[in-house]
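A short worksheet on the structure shown next.
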Amino acid sequence: MGKLTLPFIGMIMAEIAQVGLIILSKKAMAQGMTNFIFIFYSNSIASLLLLPTSFLVHRFQRPPITFSTLSRFFLLALLGYLAQAFGYAGIYYGSATLSTSMLNLVPGFTFLLAVLFRMEQLDWRKFSSQAKLLGTIVSIAGAFIVTLYKGPALLMGVSSVNSSQLPLLSEDSNWILAGVLLAADCIMASAYIIVQAYILKKYPAELIVVFFYCFFVGIQSGVTCLVVERDISAWSLEPKLRLLAVLYSGVFGSAFQVGVITWCLHQTGPVFISMFKPLGIVISVVLGFLFLGDAFYLGSLIGAIVIVVGFYSVLWGKAKDIEDVGVRSLESKGKQTPLLEENSHEDIQGH
């Protein structure tokens, strides 16, 4: 258990950083900052931080950067940019709890895309494959519950009480729109993971990949801002909360969070990392209620539970597959050893 103490603390800090980013970005956009400008600022800061760090860490083992490699980086950035754009728009129309609940769809969508692109095997006869498929379906059903069923408020925040006089139809419409945008965010994020896995096989320098990702997202969002944003004042970092949100996003939302998760992944493996995703729901409920005045609805509770059940079903199936591969590997080694010993014994007798 001692070896897991630091990764455990690290992943809790990473989840808190993620939820903190959701809350600060929602507050910044509530004060007039658009999601495109927020993405531009945060990724520009992150790329400036990662430029010296990435090339310093990989100064001895750095594969050559070709035009083909840069094209893959650009595609990865485009998927990440679309994910961020949909995600921040969903945060604006929804709540922190809704956002973190929907993020648990990423493993399910990633599994479907991995099967589609033959990066993951699906054997209908194996219970682990059935668990992964069933878990994916359950997770998607949970997302529909969170999006389409709001239900009564279990906890009422300050802003929820003050806004209770708003038309219910408009509020529910925004909630559904937020759910659709966040679902699109999850699909793009899943595609991003698939493309990133492919790129890292060809170019195994993680921090350089992250740097070029942030760099190209900064360019793509900057071009979008120049086309969409006609108001010069939209670029302002006043009031100070805008500046705080941007700095937090660049430092903690990208550099810190990615660094911590990468280190924990190296120490423990992907299954341990994935286990902490549902923790974001609990953190977001507490922080969203305290700092945003968000209400916590019955539909969010039911949907989050369903999503988490499906999420752990996918994880269990994946862990079972990894275990089966390890058992088969040990069995194959066990069969090969007696054969080698038998051949060696026959050779001695022959001599």
Are more than 12 heavy atoms, taken from residues, nucleotides or ligands other than Phe73, located less than 6.0 Å from that residue's CZ atom? yes

Show which residues join Trp316 in its hydrophobic cluster (side-chain heavy-atom contacts under 4.5 Å, direct or indirect), or state none. Phe127

Side-chain contact test, heavy atoms from C-beta onward, threshold under 4.5 Å: evaluate it for Asn35 versus Tyr92 and give yes or no. no

Does OH in Tyr248 sit with more than 12 non-hydrogen atoms of other residues, nucleotides or ligands closer than 6.0 Å? yes

When rounded to the nearest 0.5 angstrom, what is the spacing between OH in Tyr88 and CG in Asp185? 9.5 Å

Which residues share a side-chain hydrogen bond (donor to acceptor under 3.5 Å, both in side chains) with Asn43, sequence neighbours left out: Gln84

Do Ile219 and Leu48 land in one hydrophobic cluster if side-chain heavy atoms of ILVMFWY residues count as linked below 4.5 Å? no

So which heavy atom on Ile37 is nearest to which on Glu229, and how close? CD1-CG, 3.9 Å

Residues Leu24 and Leu241: closest non-hydrogen pair is CD2-CD1, 4.0 Å

Can any side-chain N or O of Arg242 pair as donor or acceptor with the backbone N or O of Gln31 at less than 3.5 Å? yes

In short, Gly218 meets Phe40 closest at the heavy-atom pair O-CD1, 3.2 Å

If I compare all heavy atoms of Ala178 with all of Gly90, which pair ends up nearest, and what's the gap? CB-O, 3.4 Å

Do Val228 and Thr34 have side chains that get closer than 4.5 Å, going by heavy atoms? no

Classify the side-chain pair Thr224/Ser221 by whether it contains a donor and acceptor separated by less than 3.5 Å. no

Quick one: do Tyr41 and Trp235 satisfy side chain to side chain contact (heavy atoms under 4.5 Å, CB included)? Show the steps, please. CA-CA 9 Å; Tyr41 277 133; Trp235 293 84; 3.8 Å; yes

Report the distance from atom OH of Tyr81 to atom CZ of Phe86, rounding to the nearest 0.5 Å. 10.5 Å

Which heavy atom of Phe256 sits nearest to which heavy atom of Met13, and what is that distance? CZ-CE, 3.7 Å

Heavy atoms of Phe109 and Ala183 approach each other most closely as CE1-O, 4.1 Å

Heavy-atom side-chain proximity of Ile12 to Ile16 below 4.5 angstrom: yes

Counting only N and O atoms by type, is there a donor-acceptor contact under 3.5 Å from the side chain of Ser313 to the main-chain atoms of Val309? no

Run the numbers on Leu50 and Ile208 for side chain to side chain contact (heavy atoms under 4.5 Å, CB included), then give the verdict. CA-CA 8 Å; Leu50 289 166; Ile208 292 179; over 6 Å; no

Could you tell me the separation between the CZ atom of Phe211 and the OG1 atom of Thr53, rounded to the nearest 0.5 Å? 10.5 Å

Output the distance between atom CG (Leu244) and atom CG (Leu237), rounded to the nearest 0.5 Å. 11.0 Å

Identify each donor-acceptor pair in which a side-chain atom of residues 193-203 lies under 3.5 Å from a protein atom, sequence neighbours left out, and give them as a table.
from, atom 1, to, atom 2, distance (Å)
Gln196, NE2, Tyr192, OH, 3.2
Tyr203, OH, Pro63, O, 3.0

What distance do Leu21 atom CG and Ile91 atom CD1 have between them, rounded to the nearest 0.5 Å? 6.5 Å

Using modelled atom types only, decide if a donor and an acceptor are shared between the side chain of Thr69 and the backbone of Ile65 within a distance under 3.5 Å. no

As an exercise, state the distance from CG of Leu70 to CZ of Phe215, rounded to the nearest 0.5 Å. 9.5 Å

